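What you see is a predicted model; the values in this text were computed from it and never measured. Within every chain, numbering begins at 1; the chains are lettered A, B, ... in the order of the sequence lines, protein sequences first and strands thereafter.
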Amino acid sequence: MSVVVQPLPEVNPLQDPLRFSRRVPPCAIVIFGASGDLSKRKLLPSLYRLFYERRISPSFAVVGSSRTPMSDDEFRHRMADSVSKFLEDAPFDKEVWDSFAQCLFYVPGDLTNPDSYDDLRKKLDEIEKSHQTAGNVLFYLSTQPSHYAEAILELGAHGLNRGNGWRRVIIEKPFGHDLLSARKLNDEIHKVFLESDVYRIDHYLGKETVQNILAFRFGNGIFEPLWNRRYVDNVQITAAESIGVEGRGGYYQEAGALRDMIQNHLSQVMATVAMEPPTIFDATNVRDERAKLLRAVRVVKSEDVPKYAVAGQYGPAKVGGEDLPGFRQEPSVNPQAQTDTYAAVTFFIDNWRWADVPFYIRTGKRLPKRVTDIAIQFKAPPLGLFTQETKGGLRAARPNLLVLRIQPEEGISLRFLSKSPGSGMRVRPVSMDFNYGSSFGERTPTAYETLLVDAMSGDPTLYTRQDMVEASWQIVQPILDVWANTKFDFPNYAAGTWGPKASDEMLARQGHVWRIP
Amino acid sequence: MSSAVIFPAQPENILKGLGKLWTSLGQEEKQQGKPTVLRACAMTLIVATDEPDSGFAASQTISELMHAHPARGIVLAVSPDAEKSLEARVLAQCWKPFGKAQQICCEQIEITARPQSWPNVGPTLVGLTVADLPVIFWCRHKGALRQAATKEEHAGLEAITSLATKIVIDAHDMPASDTVTLIERWQARGRVIADLEWTRLTPWREPLAHLFDVCECKLSDFHSIDIEYTDERPSMAALYLAGWLSLYRPKVSFRRVGGYLPGVHRVTLHSDSKTIDFARTGPDSAVLHSASGRECTYNFGEPAVTALMTEELALMGVDPAFNAAFARVRELLPDTP
């Protein structure tokens, strides 16, 4: 599979890559589902921010489309409200907005109505001339996943998948609801778009700190020699949320934590942590290595699922003086719901680098705090020469730990032992910290800003490819199948705790314990 | 938190002062039993100044820069009013990021000296730079810069520039001919130079450059350039802008106008059939009219010096675009009003 990155029309003698942001070619972005939450909260604020920072070509336009009837001006007014409300760490400048708003257009339409696509094509033809977008179009499917295939087939039927410039499509997760549906969706997409023009967005991969994992691993020579089964004891990936389902109960009870987080975001994070170094840092090589890693993850047998995977659901509790409802008490949730609001899985990667090293992944709602991190637990020295002072007295010193913090305090910590001052050879763990924010200080772009620029520039490195999606479904599918046929005794953890006891037991069987992030 | 005055200001004494400072900051950590202070350092930043506030403004700027570029900051205030020939004190610039429990601290050394001590400054600084990290020398000392531009040598300044990975100046208040002489002299010695007058142009240059990403718009088609400026004479910013746009040797003309802010007010590029115009429309905004007639508003006011330095500190090596523009400034200089 090769990735076609179309070159810009000429070598621009005024470009200054040292100081200017990456060149983004002229283009129009069509957002299907433009009146939805994602557009209002993430997409338009990100595009405005890119415009504000002069990162978008002046030859640029956004065409919103959804069922709500609206004129261009009404769309602009609505988006002005949303952008001013949801803009993160950035000022809303009225004059800049007025200029940006001249690039916003709206085409009302129903994805299931073929006439809508004719209207869209007319609008795009007009914009290509008026805004000099060079015929480049990026379609963004921010709609109900059930409409993805239909919308793409209609784009093909109306010839919108080809034109004077490039045509690309961004698809939001979920990419299918299981392995079978993911394969079917991919087949439908490929009837219209080449795989190289399909951008499946996983916003976790757009986070600066996830990208920093690659820089940390492959930009430094000192860690990579330790990054294997010989020195690593286990890896723990935690994505905890302190909030509940926040009005998304209806959606969430169909999805669950395993589908919502582990199948996509966290398996991609695991692949980033564990993949082999690419020979070249480009989209094809990086994604090849991620895909290869995911294919090496051992697919658990049905009978072993209870041993390697734990489902949980939060019950009501009082936290900080506040009564928190259990999942089954949340609005729009079935009072008998069997949904996993917590999932913990032990994965093994069957390759030479990682054989027998457990990768523990857990995610859940209503856990004690919001935190996402990856902890690489190194093996203890072969001979324990020193003891460590603890509240409970002296004990064998704890081994080294490297923590890659994704959020909220982005950074890297390395725990190592140091001699306690005074006589006697007692050691205590100390931490060497790198804090992403304080070391670079400047505002980091949001994941959507990064990913939108990448898609416009034709760089799919941080997007997931068909084979990656299918491989990640492959590793969770047996768990999903078993859980679908299990009647759980839910709730099994109280809101505000670190999950069900069974999760601790899963690690205890391997001689490990969850660290407290 | 700062130390008492260190005199004589020998590197070893100053470093000892820094050591004590960190030990005292660690006391709190010991009491609380958890990390409370994070020591951050990515470079040595030397700022020479002759401002009458004994380096206070420079210290303030360094403390703002620390958030983006943690450094061992060295403020060198050289003035005839200094109490002693060469003295120092050390302090920590600490801040606590919002919502975080841990303070981030950078160390700072303030050296005050009388002008006759210039020759001693270099040897002191040699012992104070952080090993293995870049050394940035930001010269805000107008007297020294003037002397270095007009005379053959300024021994004290040369000793510092020889330590520096990169030298930063701000030519805004300097005569253009002096600036050109100074930069040429330093470049001839292999120094990497940055001028904040060039940095001020980034918000002008970036939108203009983007216009030439479209194949219908070719820089070579534009045969004349008009630049309007608000200062008494064309500033280095106006000259750099002209130099940058002069790749295909267009006719360049400068015109003084009234405007909102010092520096460049408008740039207009003419071809036989098209015009590109980028002009300030207020103290915080500028409007770009592209060759196709489209209009785009950009927000940029007068950039704070901290913002300019933040941009410069992110670039450590040679800046080819600056060097190319500077080379053409030399040719344009005789034609300026």
Legend entry - Taking every non-hydrogen atom, the tightest pair across Ser99(A) and Thr297(B): OG-N, 2.6 Å
Inset, instruction - Examine whether an atom of Ser285(B) lies under 4.5 Å from a heavy atom of chain A, and if so say whether it belongs to the side chain, the backbone or both; otherwise answer neither. - result: side chain
Legend entry - Partner of Glu206(B) under salt bridge (charged side-chain N to carboxylate O under 4.0 Å, His left out), chosen from Arg55(A), Arg54(A), Arg19(A): Arg54(A)
Legend entry - chain A interface, residue from Glu295(B), Glu311(B), Arg294(B) that has the most non-hydrogen pairs under 4.5 Å: Arg294(B)
Legend entry - Atom group of Ser21(A) that falls short of 4.5 Å from chain B, counting heavy atoms: both
Inset, instruction - For each of Ala324(B), Pro203(B), Ser292(B), tally heavy-atom pairs with chain A at distances under 4.5 Å, and name the one with the top tally. - result: Pro203(B)
Inset, instruction - Verify the neighbour count for atom CD1 of Ile516(A): are there more than 12 heavy atoms of other residues, nucleotides or ligands below 6.0 Å? - result: no
Legend entry - Short side-chain to backbone donor-acceptor contact, Asn12(A) and Ala209(B), under 3.5 Å: yes
Legend entry - Per-residue contact mode, Glu64(B) against chain A (heavy atom under 4.5 angstrom): neither
Legend entry - Residue Asp319(B) versus chain A: region with a heavy atom under 4.5 Å: both
Legend entry - Glu95(A) side chain to Tyr298(B) backbone, donor-acceptor under 3.5 Å: no
Legend entry - Between Ala321(B), Cys296(B), Cys41(B), the one whose heavy-atom pairs under 4.5 Å with chain A are most numerous: Cys296(B)
Legend entry - 4.5 Å side-chain heavy-atom contact, Asp16(A) and Arg205(B): yes
Legend entry - Contact origin within Phe100(A) toward chain B - heavy atom pairs under 4.5 Å: neither
Legend entry - Spacing of Asp93(A) atom CG and Asn299(B) atom CG [to the nearest 0.5 Å]: 4.0 Å
Inset, instruction - Considering non-hydrogen atoms only, spot the tightest contact between His210(B) and Ile56(A) and give its length. - result: CD2-O, 4.3 Å
